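Order of the sequence lines fixes the chain letters, A, B, ..., with proteins taken first and strands second; residue numbering starts at 1 for each chain. Please read all numbers here as calculations on a predicted model, not as lab measurements.
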Amino acid sequence: MKLRYILPVAAFACATVFTSCVKDLEVSNINPQEVSDFNEDYIFNKIYGNLVLTGQIGPNGDSDLDDIDEGTSNMTRLIWNLNTLTTDEGHCWWNDPGMPELNRNTWTNSNVMIKALYYRLMFGVTICNFYLENANGGDAATKQKRAEARFMRALHYFYLMDLYANPPFLTKLSSENPPQIQRADLFKFLESELKDIIGEGSGDEVLAEAKTVDYGRADKAAGMLLLARMYLNAEVYTGTARWEDAKTYADKTIGTAYTLCTTPKNGFSAYQLLFMGDNNENGAENEIILPALHDGEKTQTWGGSLFMIAAPVSENMKKEHLYGNPDDPAYAGMAEADLPLAVRVTGYGTSESWDIGLRARQQFSKVFFGKTASNASVGENLPYKNTAAVGDDRAIFYTQGQKLIIAKESDKNQGLIYMKFNNIHSDGTAGHHAGGQFVDTDYPMLRLAEAYLISAECDARLNNDQCTTEGVERIKALRKRANVKTGNKYDGVGADALNKVTLEDIFQEWSREFGFEGMRRMVLIRWNRFAGQNDYKWEWMGGAQAGTMIDARFNVFPIPDSELNANPNIKPNYK
Amino acid sequence: MMKQLIIRTPLRMLVLMLGLFLSVGAFAQIDVKGHVKDALGEPIIGATIRVVGTQTATVSDFDGNFQLKAEQGANISVTYVGYQTATVKAAPNVVVTLQDDAALLENVVVIGYGRAKKTDLTGSVTAIKPDDKNHGLNINAQDMISGKIAGVAVTPGDGTPGGGAQIRIRGGSSLNASNDPLIVIDGLAMDNYGVQGLANPLSMVNPNDIESFTVLKDASATAIYGSRASNGVIIITTKKGRSGQKPTFNYSGNVSVSTKKKTTDVLDGPGLMNYIKNLYGEDSDAYRELGYLDADGNKQYANTDWQDEIFQTAVSNDHNLTMSGGFKNMPYRVSLGATSQNGILKTSNFTRYTASFNLSPSLLKDHLKLNINGKGMYAKNRYADGVVGAAISMDPTKAVMGDNAIYQDYFGGYVQSFTSASYEGGGNWLYMPKGTSNPVASLAQVNNRARSKSLLGNIEVDYSIHGFEDLHLHANAAMDLSTGKQNTTRSPLSPSAYYYGSDGWNTKDSYNLQLSLYAQYMKDFLKVHHFDIMAGYEWQHFHVKTDWYSHGTVPASNTTNPGAYYNEPAEDQVTLYESENYLVSFFGRLNYSLMDRYMLTFTLRADGSSRFNWMAGNENQQWGYFPSLAFAWRMKEEPFLKNIDFLSDAKMRLGWGMTGQQEGIGDYTYIPVFKPNANAHALYEVLGNGTTYRPQAYNPHLTWEKTTTWNAGIDLAFLNNRVEFSLDWYYRKTTDLINDVFVAAGSNFRNKVKSNIGSLHNTGFEFMTTVRPIQSKDWRWEVSYNFTYNKNEIDELISGEGEEYFVETGGGLTGTGGNVQAHTVGKPVSAFHVYQQVYDQNGNPIPNTFVDRNGNGYLDGGDRYYYYKPAADVLMGLSSKLQYKSWDLGFSMRASLGNYVFNSTASGSSNVGAGSVYTNGNLSNLRVASVDRGFTNVSQQQYASDYFVENASFLKMDNITLGYSFDKLFDSKIGGRIYATVQNVFTITNYTGIDPEVASGVDGDIYPRPITTIVGVSLNF
């Protein structure tokens, strides 16, 4: 009897309840820290941001990448490490995982830094692909932004080609395992892609004319200079040299609205201005074609320019007058406030100091101090004294207590300190970060001086390793800007008197102009002075103090074991 | 709306039923004389004898005798605390033998959505009642089952007071998703979100309130819990009062003293000085770094044993008070508990207060049974983090405190290594600490504390329908509310937040609501067919919310912004995090038994989880179906065994079933979303204000992990249950394993993505035996032994080619991102993935030299190989309890064989060369073992050498207890017991680290487990 009542009631209850409960399963994300709506501009910012930012909390706390220390995973920091520590330029004595192996050219495919840069670059490629798939407005502004996204993708792929030779390749989002591309094929893709977006192809997605978009965004000059850099190294990538093409695009870059920064300010040399906290507005912005933007408040990272500034210095340098001597008789009787800023200022513009982690190798120091420089005879102590003593504004060395030769890798007093970057604002204003740690100094990814050197190098290579007048003028322009004095320590030739430049001179000039800017490995490989040769050595090359030959396979970085493991399409890039 | 409807419906029906109640007529009365005794024939004094359905009742006298009037043939119930209620028919002379509760538990066990007679079980189910005499400190519920159950490995956490443990049932079924068993407390399945300040959900329950544990091991038992049951299920029921019982009180309490057992051998002051002198010379920065300054600024060299400085002898105490009884037919139980556990690391403490009540009235002539539980918990923690490692690496030539002005003015009097500094507007702040922080200062200057509250409650209604008593309707509405807040305050003088200090908190609030409804129908046909059919529905909602805040403070002495907050989260930074998930389930069970000999169980659960995709294009991924089938044969009931007296019981069991796993995968892994920059320091200003969005990695195809289990078991009992055996063999295969794996670069928005990557299997056998060699009036001796063998192997990991594919896991290497374990096909889970060390003729390792296993002529990642694994092959537990009259002596031991540990602390500290001892201006003390080994130049590979993988098999004496029970304390009515216990008595092992018991297999510097002496008392009145 009772069942008669119970069953219908229960059935009704069940039907109502179960339907609504099953609907409960269709949840949406209620996490207030995430959003569902696509925003074209914010993704666009992330594309560029990948040069500097490491995650969605500044300076760290929500990394873009897994299994890698977030501060280390900064793109420019890693590019710098892989291109500098492995060469005759720089040495780092920290025991960070993977660091000693870079210093000694003994890395393996499980090296965390090599792994980190690989994933950082591929992350950038993926974001670019995502943007290009979703930003489809047909208006001119969107087309230009699409051209920039394609440029940024090309820049990421350029580094993958240069460092890892045969990376995975995809230009559309896909959850499939991407195929591997061969280095020469990637070169072809990048060549046509870059030509297209600088307006030399058939597409209508074209970069803005030089210096007509906001600082920080890529324009045609960026496309041209990257193309020139690729052609310059074409023989390495494809087996066929392209010196003519490299020169053409270098000269085109020089022909744009960008100009070398040649005007000193408040006692800082024109060259120094390129690497200072206000290099977005002190005149350097006319030379920096593509900056990696930093801002002590808004764009914080433990890598990038902060790494360049803090890693070579020590705490006591904060109190030093590095850029001028207030006790110089020339300033006698002047009020403190009337002194040039460079003379008044102490330190280098951040409270961070990482205990002389980075030091110059003797081969690099000698490019400035001359081949005969020895442990006993190296330089003066402070940067302004060294630039004067060497006779070159680029000799920004700090040598107090430092020895020329690194006899013992772990001794931070061995190896000179090269402190190219600082966070001082040349107009005397304060850094943006209230806490005084994070820096505003933009890191130059591409700057015009490179076009000058490419042009000169190709000029020499096309003319029996000796520059024509045109090439000499290019070098002269750089040396003039650097105030190279007659009697300078390396060749004695003052900037104005320069009339002969050999290919070997250009090899040195690359170091002087672009030292500690993450370019050296490319130069050495182009000259066949890196792996697989026995003629050119530097200290701790291959792990021996005197330097020892390293196997030719080290001319490319290995594709990480984790990738070989996850993507069966990818084969090791050397046997 | 939904929730109200559900609760209302059964209540309405019940009200309706009230009207149908009929009274019973009366019969003629007789005099009943009786005697109440226990199983050993001792008279039971004070037992309550009641004529069922009347107000007539009496109490047995000093000799166990009673007398009352009752109708001829009426039921007379006899109850006494600690014993099962017995019911007899009224007769002129009755003798009642009461079985104690242990026997009750042995006969009826709690299973998923119901109870079952133990003899009817078809699955592998172990039920235990906590042994109240033979145990160590019971701070958490898991402490009560450690080493007691075959197939259940409880690895205690570190020595942190109130710390948790890792529980693994049959080796775990998953790689990385979750291997924690499902915990069900009074019918409520607990969530996996965790509670701030609590080690795990088991911490919410006072162990003294626990009536029983039931561990469901094989799929035929667990499949009724469907998608959460792959790692086994632990069902906890809490104690209840007894109907008609007069109020009784129990107090139990103990005081314990803990001390450290073993510390790491490091160089002493002169030893380190000598070492530095030899390594760097006396004229070196490293040598100058040694020592500390006295008041006059002169160098002094102390010889401090930092590990002595941070540890203490800790005194703790624990008190519990319980009142239970039955107010008419309303049994009740109320308990209060207070625990204060001090850690052997100075300042660390865990304090917990619990209160619980239970009401379990039986109404409508036992047709309507209610069970109402409420448990509240308030806990306070004070943590002492990170000082163990600091005490090992702190320079022993420094004193703890110093009079020098620098120490006094800048570090609160503690000696620290320091360097010059300058702070914006900081005026006279001229120094800052560097290197290893003085661990004693860290203890004093960092206050990291948590407060947690939780409320667990449920109302259970069981109604057997009037006139149709074979059908029960059962409803359980349960909830768990938890809230926890952790505050961390660091002094501006503390190296961990120097100058600005810091103050911050983080919170976690969660709730978990559950409604279960089921109907159960039991019927016998033709005397030999027994049917038990159950069908039900369950709805569960889990929600979690976290938030945090922290800031530094600019010192008041600053010239700029004195007192201002520093490094706060930006104003627009979203710190709140919320997440939720739903589980909707339908389930059913069919039990059929024939002649009490052949038993068949079929169960099926359909689980719908919001953690899987339901969106267009990927629908229907949220439902999973989990069936099971089991068969049991009670051989003892067969004619050919029935009359064999020495065999008390014999049963064979066979089972098969599928279960699932959905924990540890996140609530929204399949939903594509963007992550905006969380604060205003991750902008990149090329467009607008520079806001950046990162597309988040997602996996639209993510699906359940599924485990298929085969089980075969046999249960035997001999000599009137004096000897019991249980043997089980199992094979468990898990497919669609969920793991965070490296994916092909470019194929998702992250280098690692949660994916279903393969399958693994566990196989093993378990053996449990209980032997009662002596059972006399004065002597009782019971020995329990269990043995577990388990082996697991990964069968496939999905990828293109497979053979050399592996998934790194476990961490353990110096620096970040280094993993020393990996999963690969054909090897056990989390096998060590290391380089093969080369040794010299004397058997000493040659640094940085490894076997080129892939033969390519140079060292690379391909030279790593798989070498042992952290899980034990064999686990054993042995406990013994001997009673002589009022005395009892018990002990529990555990052994683990074939478990290996990567000695990460030895690896990480192995570099004793010039490049490592003094780096970045910081000086480290050295382990004696590292110095003896003498590696002076250590490559990345050396840290991952198989040299550091050690056999960590062990035998541990967990506890030894001596107790004395008494009936009448000083002629009062108070009975009870006093006891003394030593816990963590000794460990026999070859492992060179502090403690071989490392759940993850990677040994870091842990908070060491102490040796503890406990003195306690239990009083009944």
Inter-residue atom distance [X].[atom1] - [Y].[atom2], 0.5 Å rounding:
{"X": "Asp41(A)", "Y": "Thr692(B)", "atom1": "CG", "atom2": "OG1", "result": "12.5 Å"}
{"X": "Asn677(B)", "Y": "Leu53(A)", "atom1": "CG", "atom2": "CG", "result": "8.5 Å"}
{"X": "Glu578(B)", "Y": "Glu34(A)", "atom1": "CD", "atom2": "CD", "result": "12.5 Å"}
{"X": "Phe742(B)", "Y": "Leu564(A)", "atom1": "CZ", "atom2": "CG", "result": "12.0 Å"}
{"X": "Tyr698(B)", "Y": "Asn29(A)", "atom1": "OH", "atom2": "CG", "result": "13.5 Å"}
{"X": "Asp24(A)", "Y": "Glu580(B)", "atom1": "CG", "atom2": "CD", "result": "8.5 Å"}

What part of [X] lies closer than 4.5 angstrom to a heavy atom of chain A: side chain, backbone, both or neither?
{"X": "Met615(B)", "value": "neither"}
{"X": "Gln696(B)", "value": "side chain"}
{"X": "His701(B)", "value": "neither"}
{"X": "Thr575(B)", "value": "backbone"}
{"X": "Asn613(B)", "value": "neither"}
{"X": "Thr560(B)", "value": "neither"}
{"X": "Arg864(B)", "value": "side chain"}
{"X": "Asn922(B)", "value": "neither"}
{"X": "Tyr499(B)", "value": "neither"}

Which atom names give the shortest non-hydrogen contact between [X] and [Y], and what distance separates them?
{"X": "Pro291(A)", "Y": "Tyr684(B)", "value": "O-OH, 3.7 Å"}
{"X": "Gly746(B)", "Y": "Thr126(A)", "value": "CA-OG1, 3.5 Å"}
{"X": "Gln622(B)", "Y": "Glu26(A)", "value": "NE2-CG, 4.5 Å"}
{"X": "Gly55(A)", "Y": "Ala682(B)", "value": "O-CB, 3.9 Å"}
{"X": "Pro32(A)", "Y": "Leu576(B)", "value": "CG-O, 3.3 Å"}
{"X": "Asp66(A)", "Y": "Lys752(B)", "value": "OD2-CB, 3.3 Å"}

Answer yes or no: does atom NZ of Lys434(B) have more than 12 heavy-atom neighbours from other residues, nucleotides or ligands under 6.0 Å?
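Check passes, neighbour count above 12.
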Is it the case that more than 12 heavy atoms not belonging to Glu176(A) sit under 6.0 Å from its CD atom?
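Not buried by this count: 12 neighbours or fewer within 6.0 Å.
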Mind ranking [options] by heavy-atom pairs under 4.5 Å with chain A and telling me who comes out on top?
{"options": "Ala678(B), Ser420(B), Ala745(B), Ala680(B)", "result": "Ala745(B)"}
{"options": "Asp667(B), Val743(B), Val673(B), Val554(B)", "result": "Val673(B)"}
{"options": "Tyr693(B), Tyr566(B), Phe612(B)", "result": "Tyr693(B)"}
{"options": "Tyr280(B), Tyr582(B), Tyr918(B)", "result": "Tyr582(B)"}
{"options": "Val574(B), Val741(B), Thr691(B), Asp285(B)", "result": "Thr691(B)"}
{"options": "Gly688(B), Gly608(B), Pro672(B)", "result": "Gly608(B)"}

Below 4.5 Å, heavy-atom pairs only: which of Lys412(A), Met122(A), Met99(A) has the largest tally toward chain B?
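The candidate making the most pairs under 4.5 Å is Met122(A).
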Go through the atoms of [X] and report whether side chain, backbone, both or neither lie under 4.5 Å from a heavy atom of chain B.
{"X": "Pro168(A)", "result": "side chain"}
{"X": "Leu65(A)", "result": "both"}
{"X": "Glu563(A)", "result": "side chain"}
{"X": "Leu121(A)", "result": "neither"}
{"X": "Ile127(A)", "result": "side chain"}
{"X": "Gln437(A)", "result": "side chain"}
{"X": "Phe38(A)", "result": "both"}
{"X": "Val125(A)", "result": "neither"}
{"X": "Ile30(A)", "result": "both"}
{"X": "Trp94(A)", "result": "side chain"}
{"X": "Glu101(A)", "result": "side chain"}
{"X": "Leu51(A)", "result": "side chain"}
{"X": "Phe123(A)", "result": "side chain"}
{"X": "Ser314(A)", "result": "neither"}

Check whether any side-chain N or O of [X] sits under 3.5 Å from a backbone N or O of [Y] as a donor-acceptor pair, and report yes or no.
{"X": "Asn679(B)", "Y": "Ile57(A)", "answer": "no"}
{"X": "Trp614(B)", "Y": "Val27(A)", "answer": "yes"}
{"X": "Asn45(A)", "Y": "Leu687(B)", "answer": "yes"}

side-chain contact (heavy atoms from CB on, under 4.5 Å) assessment of Gln941(B) paired with Thr108(A)
CA-CA 10 Å; Gln941(B) 290 81 12; Thr108(A) 70; 3.4 Å; yes
With Ser562(A) via side-chain hydrogen bond (donor to acceptor under 3.5 Å, both in side chains) - residues at least two apart
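Once residues adjacent in sequence are excluded, the partners of Ser562(A) under the side-chain hydrogen bond (donor to acceptor under 3.5 Å, both in side chains) criterion are Tyr119(A).
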If the condition is salt bridge (Lys or Arg N to Asp or Glu O under 4.0 Å), which residues does Glu315(A) pass it with, not counting sequence neighbours?
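Per chain and number, Glu315(A) pairs via salt bridge (Lys or Arg N to Asp or Glu O under 4.0 Å) with Lys318(A).
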Name the orientation class of the two ring planes belonging to Phe749(B) and Phe130(A) (parallel below 30°, tilted from 30 to 60°, perpendicular beyond 60°).
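Ring orientation, 0 to 90° scale: perpendicular.
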